Structure formats: structure tokens, C-alpha cells
Amino acid sequence: MDVGKFLWGLVLAIVFLCFVVAFARRAFRSPGVKYNWLGVLLSFSTIGLAIYLVFFRQL
């Protein structure tokens, strides 16, 4: 396992989780805005899966 690639994956995963939490906070604080939650969930899941596969599974 390449340690450098693993560490970059860890950094990107932490940054990604910070973005998810920030988005969730802003989404719940804006009551007048409607979100397509299925689309949001699929988008974040796709990005998370890509980070996992590339950096942690080393594909």
C-alpha cells in the first residue's frame, strides 16, 4: 500500500466530510429552500465512493 496515496485519501475524506456537515447545517437553517434530497444523497455518495475506491482500495 502506498502510504502517500493513503494519507492524501485521508485528507480528502476529512475535507469531504467537512463539506457534507457544512451543507447539512446550511440546508436545515434555510427553511424556504427545497432540496432534491435523493440527488444530494447520490452526489455525495458518488464522491465518497470515488475517494474510497481511488485512495483506500488503491484502484
Side-chain angles (χ1 to χ4, degrees):
M1 177 185 294
D2 186 18
V3 175
K5 195 172 187 182
F6 180 80
L7 291 177
W8 271 112
L10 196 60
V11 168
L12 288 176
I14 291 169
V15 169
F16 174 69
L17 288 175
C18 289
F19 282 136
V20 170
V21 169
F23 174 79
R25 283 184 185 164
R26 289 189 186 120
F28 289 120
R29 288 183 184 168
S30 57
V33 179
K34 300 279 184 182
Y35 287 99
N36 177 4
W37 288 107
L38 180 62
V40 170
L41 179 66
L42 288 175
S43 297
F44 282 130
S45 297
T46 303
I47 294 168
L49 181 64
I51 290 173
Y52 172 73
L53 289 175
V54 171
F55 291 100
F56 294 107
R57 295 295 299 166
Q58 308 286 317
L59 295 180

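Bear in mind that the values here come from a model prediction, so they are computed numbers and not experimental data. Residue numbers start at 1 and run along the sequence shown.
In the hydrophobic clustering of this structure, Leu38 does not group with Phe23; members are Ile, Leu, Val, Met, Phe, Trp, Tyr whose side-chain heavy atoms approach within less than 4.5 Å, directly or through other members. A single hydrophobic cluster is seen to contain both Phe16 and Leu49, as judged by linkage of ILVMFWY side chains at heavy-atom distances under 4.5 Å, directly or through other members.
Phe56 and Phe6 have perpendicular rings, their planes meeting at more than 60° on a 0 to 90° scale where under 30° would count as parallel.
Between the CG atom in Leu42 and the CD1 atom in Ile47 there is a gap of 11.0 Å [rounded to 0.5 Å]. Of the inter-residue distances, the one linking Ile14 atom CD1 with Ile51 atom CD1 reads 11.0 Å to the nearest 0.5 angstrom.
The side-chain contact (heavy atoms from CB on, under 4.5 Å) test with Phe55 is passed by exactly one of Val11, Leu7, Leu12, Leu10: Leu12.
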